[in-house]
Q: 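One structure follows; several queries about it will come next.
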Number of protein chains: 2
Amino acid sequence: MDAPRWLSAEQLRAWIRLEAVVELLPAVLDSQLQRDAALTHFEYLVLAKLSESPDRVLRMTALAATTNSTLPRLSHVVSRLEARGYVERLPCPGDRRATNAHLTDAGWEKVVATAPGHVDTVRSHVIDLLTEEQVTQLDDIMAALLQKLDPENTLRVLP
Amino acid sequence: MDAPRWLSAEQLRAWIRLEAVVELLPAVLDSQLQRDAALTHFEYLVLAKLSESPDRVLRMTALAATTNSTLPRLSHVVSRLEARGYVERLPCPGDRRATNAHLTDAGWEKVVATAPGHVDTVRSHVIDLLTEEQVTQLDDIMAALLQKLDPENTLRVLP
DNA sequence: GGGGCATGGTTGTCCCGACAAGTGCTTAGG
DNA sequence: CCTAAGCACTTGTCGGGACAACCATGCCCC
């Protein structure tokens, strides 16, 4: 094996901190949503993405893509959300292999009720801690990382 | 409920990207380590932190702190690592409630063998994708977030 | 128009992490 | 002292996610 290019002190520090954030942030999001809405962060994400879609419908594959997820994982989650009445599965008219996930009225109201608290958490734990300039920097940096993590750019970020 | 302060388009974009990275990055780290060393990212972190400590020993509480973890979680992981011969538990001389985790020689060699591949992954998926300036920005931004996520600053970052 | 292959989704199993109790030690208070 | 409160873990149970195997439909193309 060839000698590994080690990290400089500066790089190491940035990495350790990113590591810590990546570890701790999901826990905060999950616990707030769990406490206030009995939802996983991922479950909330599914509902939220559906609520933003035309007719509140999305194909499973598309939904998996926008939520950075795999199909098996999504399928399980949709089953749970279906059991709670927030989502229903409909056959896709065009393609009989496909399934459409549809946000029910109850699901819509769940999102409406849950979103403010979630946004507050995001603000207080991320956005409000940064300057306007830092938000821009963060966006650029994450975009650079995503180019590697998600080359297909499945989650089409809004303009 | 009062009107939630919504996010601007810029802020939302940055948040969605950070969300995606936080979701996808752990999977990359885990799968590389799993494939090359049959270790979880968290297991590797435990071994790595021990390897950096004097005498390769750390109290469970201290180890939990530097790995951004909880004591129950750590206890389970140490049990697994102990079963594989990488770590051993020793009674703490000063306080008979406490337990010291000690990295064995086998554990040390495991870290030495595993570190280069891990560093390569960190480089290729994070550090090398950013300019020097961006690394500094990232460090500052993550430091700001950690002040909220981890007020005690348990993980004492090196100079 | 029928093999062969890709696509879209579901189901089943295993393992890791969260959470909640429980045990033994230590310290403080009267 | 001796009891009560607090600390440092450990253990047990439960739920969610990864992965692999599986079915069904669509597409090709000869």
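Only a predicted model underlies this, so the values are computations on that prediction, with no experimental measurement involved. Here is how names work: the chains are called A, B, and so on, in the same order as the sequence lines, proteins then strands, and each is numbered from 1.
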Q: For B:Leu90 and D:dC9, give me the distance from atom CG to atom P, rounded to whole Å.
A: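 Nearest whole value for this atom pair: 13 Å.
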
Q: Would you kindly compare A:Glu23 and A:Ser79 by the position of their nearest DNA chain C nucleotide and give the one closer to the 5′ end?
A: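 Closer to the 5' end of DNA chain C: A:Ser79.
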
Q: Could you walk me through whether B:Tyr44 and B:Thr40 pass the side chain to side chain contact (heavy atoms under 4.5 Å, CB included) test, one step at a time?
A: CA-CA 6 Å; B:Tyr44 172 78; B:Thr40 303; over 6 Å; no

Q: Whether the side chain of A:Arg97 and the base of C:dT7 hold a donor-acceptor pair under 3.5 Å is what I'd like checked.
A: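 A donor-acceptor contact between them is present.
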
Q: Roughly how many Å is it from CZ in A:Phe42 to C1' in D:dA18, rounded to a whole number?
A: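 So the CZ-C1' distance, A:Phe42 to D:dA18, works out to 13 Å.
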
Q: Could you state the CG-P distance from A:Leu74 to D:dA18, rounded to the nearest angstrom?
A: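 Going from CG in A:Leu74 over to P in D:dA18 covers 11 Å.
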
Q: Taking for each residue the nucleotide of DNA chain D bearing the nearest heavy atom, is the 5' side occupied by B:Ser75 or by B:Ala27?
A: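 Closest to the 5' end, via its nearest nucleotide, is B:Ser75.
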
Q: Checking side chain to side chain donor-acceptor pair (under 3.5 Å) against A:His102, which of A:Arg89, A:Arg56, A:Glu88, A:Glu82 comes through?
A: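 Only match with A:His102 under side chain to side chain donor-acceptor pair (under 3.5 Å): A:Glu88.
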
Q: Can you identify which nucleotide, out of D:dA18, D:dA8, C:dC16, has its nearest atom closest to the B:Leu71 side chain?
A: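 That would be D:dA8.
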
Q: In terms of side-chain heavy atoms of B:Pro72, which of C:dT10, C:dC19, C:dA18 is nearest?
A: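 For B:Pro72, the side-chain atoms sit closest to C:dC19.
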
Q: Answer yes or no: are there more than 12 heavy-atom neighbours, outside A:Glu132 itself, under 6.0 Å from its atom CD?
A: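 Atom CD in A:Glu132 is not packed in, count stays at 12 or less.
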
Q: OP1 or OP2 of D:dA24 versus the side-chain N and O atoms of A:Arg96: is any pair under 4.0 Å?
A: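 So the side-chain polar atoms of A:Arg96 never come under 4.0 Å of the phosphate oxygens OP1 or OP2 of D:dA24.
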
Q: Let me know which of B:Asp120, B:Thr121, B:Thr114 forms a side chain to side chain donor-acceptor pair (under 3.5 Å) with B:Gln32.
A: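 It is B:Thr121; the other options fail the test.
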
Q: Pick the nucleotide of DNA chain D nearest each of A:Gly94 and A:Ser69; which residue has the one closer to the 5' end?
A: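 First, find each residue's nearest nucleotide; the 5'-ward one identifies A:Ser69.
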
Q: Heavy-atom count around A:Gln34 CD within 6.0 Å, excluding the residue itself: above 12?
A: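 Correct, the count exceeds 12.
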
Q: Could you state the CG-P distance from B:Asn68 to C:dA18, rounded to the nearest angstrom?
A: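 Computing the B:Asn68:CG to C:dA18:P distance gives 11 Å.
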
Q: Under 4.0 angstrom, heavy atoms only, what part of the nucleic acid is B:Asp95 near: base, sugar-phosphate, or nothing?
A: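 Sugar-phosphate, backbone atoms only, no base.
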
Q: Is any side-chain nitrogen or oxygen of B:Arg80 closer than 4.0 Å to OP1 or OP2 of C:dG17?
A: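 So the side chain of B:Arg80 is within the cut-off, an N or O lying under 4.0 Å from OP1 or OP2 of C:dG17.
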
Q: B:Arg59 has a side chain; which of C:dG17, D:dT11, D:dC9 sits nearest to it?
A: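 Selected nucleotide (nearest to the side chain): D:dC9.
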
Q: Roughly, in whole Å, what's the span from CZ in B:Arg73 to C1' in C:dC19?
A: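 Going from CZ in B:Arg73 over to C1' in C:dC19 covers 14 Å.
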
Q: Output the rounded distance in Å from CE (B:Met60) to P (D:dC7).
A: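 Distance, rounded to whole Å: 18 Å.
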
Q: Hey, is the side chain of A:His76 pairing donor to acceptor with the base of C:dG12 inside 3.5 Å?
A: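 Under the 3.5 Å cut-off, the side chain and the base do form a donor-acceptor pair.
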
Q: Using whole Å, what does the distance between atom C1' of nucleotide D:dG16 and atom CG of A:Leu81 come to?
A: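 Checked: the CG to C1' distance equals 13 Å.
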
Q: Between A:Asp30 (CG) and D:dG15 (C1'), how many Å, whole number?
A: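 Distance check: A:Asp30 CG to D:dG15 C1' gives 12 Å.
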
